[in-house]
Amino acid sequence: MTGRFFIGLNLRNAIGKLIVYALLGAGSIVILMPFAWMISTSLKDLSHIFRFPPEFIPDPVIWENYPNALTKLPFDLYLTNTLIIVAATLIGELGVSAIVAFAFARLRWRGRDALFIVVLATMMLPRQVTLIPDFLIFRFFGMYDTYWPLVIPSWFGNPFYIFLIRQFFMTISRELDEAALLDGCSKFGVFWRITLPLSLPVLAAVAIFSFQYHWNDFFRPLIFLSDTDKATLALGLRFFQGTYGTEWNSLMAASLVVMLPLIIVFFFAQRIFIQGVVFTGYK
């Protein structure tokens with residue numbers, strides 16, 4: 001009787017897992033369909049894109065769409081501009097947010113919790129609300145049409161990243177800090193030598209978030225940059241769409257190449273990324 005009970009229980013568990021996996025598989029197919037159609041369109045001849053019934057597998061496959069798309073506009077220049085902005089903002093957001101999070105998580109000082117609530121409250125303020133004041137300030141200091149308006153805000157920290165890193169820092173045992181201080185280590189030494197090396201998962205998660213946001217950022221470069229030679233990849237795709245909007249195969253090819261670094265980064269760092277996000281709320 002007991003054996004039958006366990007067999008029935010195992011059978012129900014197997015059926016339940018099968019249903020869950022089937023639903024996840026169906027959802028994955030639905031999510032990946034636009035991406036697969038983008039790849040298919042990027043390899044088609046222009047006359048085959050709007051055929052009915054639709055052709056999912058290109059015939060013939062035209063690989064020349066990729067070099068043709070990337071040479072119609074200076075995408076190499078747009079890539080260089082984007083990498084400069086991404087690198088500068090990534091260093092600023094990661095470094096400053098980690099230092100501020102360490103102060104909120106590991107140091108004791110008057111008004112710490114109240115100020116942390118104020119930092120969290122700024123997350124509810126849309127960036128569009130502060131856009132006009134930001135524009136007026138940067139124009140007053142002569143920084144319009146430069147990269148400074150895109151980089152400087154990142155060097156004052158990001159409240160969401162501060163929250164993530166602070167929550168992770170709080171999961172680290174304080175005994176490690178006390179042992180280091182007894183050995184003569186300074187507060188900054190504790191941060192640099194102990195806390196940061198133990199926080200690589202959350203730092204990697206923040207780096208991926210920052211990289212993805214600034215790589216795809218379209219709005220702020222559109223507002224603060226007027227010289228086309230300083231444009232980013234997101235603006236470059238918009239220029240391409242405005243100039244060659246009817247060439248859907250070339251547009252899909254250029255979009256796929258611009259998207260490729262994000263896919264590669266997440267594919268190789270997904271384990272660290274998920275670990276950092278999960279461990280953030282562990283305590």
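Values reported hereafter were calculated over all heavy atoms of this structure, with side chains retained and with hydrogens, waters and symmetry mates removed. From a predicted model like this one, the values you see are computed outputs, not experimental measurements.
Judged purely by atom type and a 3.5 angstrom limit, T243 has no side-chain atom pairing as donor or acceptor with the backbone of F240. Side chain of D217 to main chain of Y213: no donor-acceptor pair is present (N/O by atom type, distance under 3.5 Å, no hydrogens or angles). In this structure, W109 contributes its side chain and A103 its backbone to a donor-acceptor pair below 3.5 Å. Without hydrogens or angle criteria, K44 side chain to N249 main chain gives no donor-acceptor distance under 3.5 Å. Put simply, the side chain of T122 gets close to the backbone of V119: a donor and an acceptor are under 3.5 Å apart. At distances below 3.5 Å, not a single donor-acceptor pair connects side-chain atoms of N65 with backbone N or O atoms of A253. Within the 3.5 Å criterion, the main-chain N or O of I85 finds a donor-acceptor partner in the side chain of T89. Formation of a donor-acceptor pair under 3.5 Å by the W215 side chain with backbone atoms of L83 is not found in this model. Using modelled atom types, one side-chain atom of N81 and one backbone atom of A231 make a donor-acceptor pair closer than 3.5 Å. The main-chain N or O of A101 is never found under 3.5 Å from a side-chain atom of R106 such that the two would form a donor-acceptor pair.
The closest side-chain heavy-atom distance from F35 to I39 is below 4.5 Å. At a threshold of 4.5 Å between non-hydrogen side-chain atoms, the residues N216 and L262 count as touching. Side-chain contact between L225 and L150: present, with at least one pair of heavy atoms (C-beta onward) separated by less than 4.5 Å. No side-chain heavy atom of E247 sits less than 4.5 Å from a side-chain heavy atom of L251. By the 4.5 Å heavy-atom criterion applied to side chains, R220 and P153 are counted as neighbours. The closest side-chain heavy-atom distance from V206 to E93 is not below 4.5 Å.
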Task: S199/I172 under side chain to side chain contact (heavy atoms under 4.5 Å, CB included): CA gap, chis, key distance, verdict - done: CA-CA 9 Å; S199 306; I172 301 175; 3.6 Å; yes

Open item on the list: Using the rule given for ring-ring contact (aromatic ring centres under 6.0 Å, His included), can you reason through F138 versus Y144, listing the C-alpha separation, both sets of side-chain angles and the distance that settles it, and then say yes or no?
Closed with: CA-CA 6 Å; F138 286 118; Y144 176 71; over 10 Å; no

Task: Intermediate values then yes/no, side chain to side chain contact (heavy atoms under 4.5 Å, CB included), I49 and M252 - done: CA-CA 11 Å; I49 294 177; M252 292 298 104; over 6 Å; no

Open item on the list: Checking H214 against T82 for the side chain to side chain contact (heavy atoms under 4.5 Å, CB included) test, could you report, in this order, the C-alpha distance in whole Å, the side-chain angles of both residues, the deciding distance, and whether it holds?
Closed with: CA-CA 8 Å; H214 293 288; T82 304; over 6 Å; no

- [ ] Would you sort out whether F169 and F104 count as a ring-ring contact (aromatic ring centres under 6.0 Å, His included), showing the intermediate values?
- [x] CA-CA 9 Å; F169 283 173; F104 280 125; over 10 Å; no

Open item on the list: Please determine whether side chain to side chain contact (heavy atoms under 4.5 Å, CB included) holds for the pair S255 and L237, giving the CA-CA distance in whole Å, both sets of side-chain angles, and the decisive distance to 0.1 Å.
Closed with: CA-CA 7 Å; S255 301; L237 286 177; 4.0 Å; yes

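Between P261 and V258, the shortest heavy-atom distance links the atoms CD-O, 3.3 Å. Here the closest non-hydrogen pair linking F75 and A69 is CE1-O, 3.5 Å.
More than 12 heavy atoms of other residues, nucleotides or ligands lie within 6.0 Å of CG in L125, so this atom counts as buried by the packing criterion. Counted within 6.0 Å of CG on L24, heavy atoms from surrounding residues, nucleotides or ligands total more than 12; the atom is thus considered enclosed. Counting heavy atoms of neighbouring residues, nucleotides and ligands inside a 6.0 Å radius, atom CZ of R174 exceeds 12 of them. In this structure, M123 places its CE atom where more than 12 heavy-atom neighbours from other residues, nucleotides or ligands lie under 6.0 Å away. Within 6.0 Å of CZ in F218 there are more than 12 heavy atoms belonging to other residues, nucleotides or ligands. At most 12 non-hydrogen atoms from other residues, nucleotides or ligands lie less than 6.0 angstrom from CH2 of W63. Counting heavy-atom neighbours within 6.0 Å of R139 CZ, excluding the residue itself, gives a total of 12 or less.
Side-chain contacts under 4.5 Å among hydrophobic residues (ILVMFWY), followed directly or transitively, place I117 with no other residue at all.
Within the model, atoms CZ of F168 and CG of L203 stand 8.0 Å from one another, a figure rounded to the nearest 0.5 Å. Going from atom CD of Q128 over to atom OG1 of T130 covers 8.0 Å, rounded to the nearest 0.5 Å. Note: L70 CG to S250 OG = 9.5 Å, rounded to the nearest 0.5 Å. For the atom pair CG of L176 and SG of C185, the computed distance is 11.5 Å after rounding to the nearest 0.5 Å.
Relative ring orientation between F135 and F224 is described as tilted, the plane-to-plane angle lying within the 30° to 60° band. Under the 30°/60° scheme for interplanar angles, the aromatic rings of F209 and F160 are found to stand perpendicular.
Applying the ring-ring contact (aromatic ring centres under 6.0 Å, His included) test to Y66 and every residue at least two apart in sequence or in another chain returns nothing.
Relative to the ring axis of F116, R166 places its NZ or CZ within 45° and under 6.0 Å from the centre. A cation-pi arrangement is found for K72 relative to Y244, the charged atom lying closer than 6.0 Å to the ring centre and inside a 45° cone about the ring normal.
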